[in-house]
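So that the names make sense, note that chain A is the first sequence line, chain B the second, and so on, each numbered from 1.
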Protein chains: 2
Amino acid sequence: MKSNKITIHDISSALNIDSSTVSRALNDSPRVSKKTKEKIAKKAAELGYQRNSLASNLRTNRTNTIGVIVPRISRNFFSTVIAGIEETAYEAGFNVVICQSLESIDREKKLIETLLANRVDGILISISMETTSYEHLQSYYDHGSPIVFYDRPCHFHNCTAVSIDDYKASFDATEHLIQSGRKNIFHFSGPQEIELYQNRKRGYKDALKKHNIEVNEDYCHESGLSEKEGIKAAKKIMNLKNIDAIFSANDTAAIGAMKYLKTQGIRIPEDIAVVGFNNDPISEVIEPSLTTVNQPDFKMGKIAATILLGQIKNKKADTKDQSIVLNSELIIRNSSIN
Amino acid sequence: MKSNKITIHDISSALNIDSSTVSRALNDSPRVSKKTKEKIAKKAAELGYQRNSLASNLRTNRTNTIGVIVPRISRNFFSTVIAGIEETAYEAGFNVVICQSLESIDREKKLIETLLANRVDGILISISMETTSYEHLQSYYDHGSPIVFYDRPCHFHNCTAVSIDDYKASFDATEHLIQSGRKNIFHFSGPQEIELYQNRKRGYKDALKKHNIEVNEDYCHESGLSEKEGIKAAKKIMNLKNIDAIFSANDTAAIGAMKYLKTQGIRIPEDIAVVGFNNDPISEVIEPSLTTVNQPDFKMGKIAATILLGQIKNKKADTKDQSIVLNSELIIRNSSIN
DNA sequence: AACAAAAATACAATCGATTGTATTTTCAGA
DNA sequence: TCTGAAAATACAATCGATTGTATTTTTGTT
């Protein structure tokens, strides 16, 4: 029961070998003879020695840890990105600390502070929907550690961002609805302070324009894109009477709307076609199955982590400012087919 | 760009005040006068001071951090448990480090080592499906820090476990199928080395016995309960011809089976009724909607975290050995109604 | 056997914050 | 104004590991 805190000094005195040699031995330094290394390893195991990373990290000023800030781990898209990040980090011998902002800027601020205080070597962040200023990132940045944005890009100094071409994906999704004969297309959009949602909205509008469809500002519902907000928006649509399609900036809200519309006897896609965004597992299961945009989530995580690790290794700034745009694809399912 | 590493010594020398006083001031100790505290706070802000938790934690031998090991964050059940844990920890001023074992014992071992090396104050763990021995937990335990199990209970010393009554929940679920006239009930079960899956299987068997239905060992498919395994088990069922119901130890496998059975023209629930476990969001959306067991996930997280934090505060062992059993409920939906 | 070079090990400072003890300052009351 | 207790601050050791430098030991060569 007594807390066993064996340090290198315990090994040192047990064997009458200096602690510096013990440290080097445990780190497999070439400066220690094989024989001594073996003796030390044996004694360490015998005493149940466990390295104290706090001390080591304090001394070396490196933690071999990257922090990941994610709006919400329960979203399939994000948990898959994390899987990609972890795989890459794991291979490189780095630890990953996952933190949820829950779309709150206050929490995001606290998380950055904590990560900074714990001296992570780098941060991967998808900013919260409330994040419109970047002061809280500044103090971290000033510390000299790299930041890479993923999914939701962000103009912060010249930091790298890994994302898809949201404009194009939305343009294509909207055009798909138009080409299947829809004219009155409603858009569920997210906070316009976030570049990502601006881009998705622009894509939607430009597709309409290209096909000479008037852009009607009433045909847009801006929200946090939760399931509830999807239902709310669907109610709005019911009042408008003439809507024949929905393009939602995420699946969650699209699914909320579908559930509600079905209870109201609206036929999907006959009366209203629906297209979502993210390819959430539910989108495949819901009936009718939901047409949506598939993003390379796992790959996005891998690439973002690779870039961050690169920047951690080369402290130079020259790996920065390379915004990476990955390909996405529209998965056409039954919710948009006539 | 230069990395700003301001320490209390920089503040100390800038103001000609001893670093011990600076430290006390920043921690709001009563031993420092208000005037000095203000002066120090101002200078700290001016210099952009950021505490170094590594140093602080090393000295105090506390990290104010708890580690959470979870099989997979993408499962809705687990991410909701985490939400509960985080809420509780957050209120208590504790940080949470989330780690995924991905159901691998090797990863779980590494995670425990890392958490130990980083001196977390306590661990919340839901063991992986591969975990049948607890040696890796022992070294952590020997260190004197508390461990609390959640969801998947575990006989390890007399550590607390927070879970539901899996036996009873499965018994009830199976009985529900029997009462709606099913006789040939197939069971998707998980690794029998894990207590949780043993209990679910026992509940299933005992319900059959109670109703004088013969237990047929062929009516059981043991696996990792992935969607793929669900499909595999469904194929097995197709060969058996006479199965009229499935009780799956989780929703994921049940959903896989449903998808497959539908493609084979099997009607659910008319030909085969299905009951799952976990109340995954998909279970509500899939058609027919899936009857399943709802667990108090968020609450489970809150309670597990509360107990762990209590054990961290009272280093005594007397809060241990209180296994907490929470209530679950069977949510009856269309997949099991005649 | 002698000696230089190489290998192995020891010494000691350090990372940044905390904390028990010692010293100085302040201030009330006589 | 002086005294003593209380308040404020300074001193110095410490947490556990790392690392540059110094010292000792080993090895190979002539």
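Between A/S56 and D/dG16 there is no side-chain polar atom (N or O) within less than 4.0 angstrom of OP1 or OP2. Between A/S20 and C/dC11 there is no side-chain N or O to OP1 or OP2 distance below 4.0 Å. Neither OP1 nor OP2 of D/dA17 sits under 4.0 Å from any side-chain N or O of A/T60.
Sequence order on DNA chain C of the closest nucleotides to A/K37 and B/R51 puts A/K37 first from the 5' end. Where B/S33 and B/L58 each meet DNA chain D at their nearest nucleotide, the meeting point lying more 5' is that of B/S33. When each of B/R119 and B/P30 is assigned the nucleotide of DNA chain D bearing its nearest heavy atom, the one mapping closer to the 5' terminus is B/P30.
A/R107 forms a cation-pi arrangement with B/Y90, by the criterion of a distance under 6.0 Å to the ring centre and an angle within 45° of the ring axis.
A salt bridge does not link A/K110 to A/E113: none of the charged nitrogens lies less than 4.0 Å from a carboxylate oxygen. A salt bridge links A/E46 and A/K43; the closest N-O separation between the charged side-chain nitrogens and carboxylate oxygens is under 4.0 Å.
In the set D/dA17, D/dT9, D/dT19, the nucleotide with an atom closest to the side chain of A/Y49 is D/dA17. Across C/dG16, D/dG16, D/dA10, the shortest atom-to-atom separation from the side chain of B/T21 is found for D/dA10. Which of D/dT9, C/dA17, D/dA10 sits closest to the side chain of B/A55 comes down to C/dA17.
As judged by a 4.0 angstrom heavy-atom cut-off over every strand, A/S53 is placed among residues making no nucleic acid contact. Looking at heavy-atom distances under 4.0 Å, A/V32 makes contact with sugar-phosphate atoms alone, never a base. Contact annotation for A/D10: no contact, since no heavy-atom pair falls under 4.0 Å across all strands.
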**Report entry** side-chain contact (heavy atoms from CB on, under 4.5 Å) assessment of A/R51 paired with A/S56
**Finding:** CA-CA 8 Å; A/R51 96 201 298 256; A/S56 166; 3.7 Å; yes
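Side-chain N/O atoms of B/R59 and base N/O atoms of C/dG20 include no donor-acceptor pair closer than 3.5 Å.
Residues B/I85 and B/K302 are not in side-chain contact: their nearest non-hydrogen atoms beyond the backbone lie 4.5 Å or more apart.
Rounded to whole angstrom, the span from the NZ atom of A/K34 across to the P atom of C/dA8 amounts to 11 Å. When rounded to the nearest whole Å, the span between CZ of B/R62 and C1' of C/dT18 equals 14 Å. Spacing between atom CZ of A/R31 and atom C1' of D/dT19 amounts to 8 Å, rounded to whole angstrom units. Remark: P of C/dA8 and CG of A/N27 are 17 Å apart, rounded to the nearest angstrom. One can place CG of A/L54 at 14 Å from C1' of C/dT18, the figure rounded to the nearest angstrom. Summarising the geometry, the separation between NZ on A/K39 and P on C/dA8 is reported as 13 Å, rounded to the nearest angstrom. Between the CD1 atom of B/I17 and the C1' atom of C/dT24 there is a distance of 15 Å, given to the nearest Å. The separation between B/I40 atom CD1 and C/dA17 atom P is 13 Å, rounded to whole Å.
Between B/A89 and B/V96, the shortest heavy-atom contact is CB-CG2, 3.4 Å.
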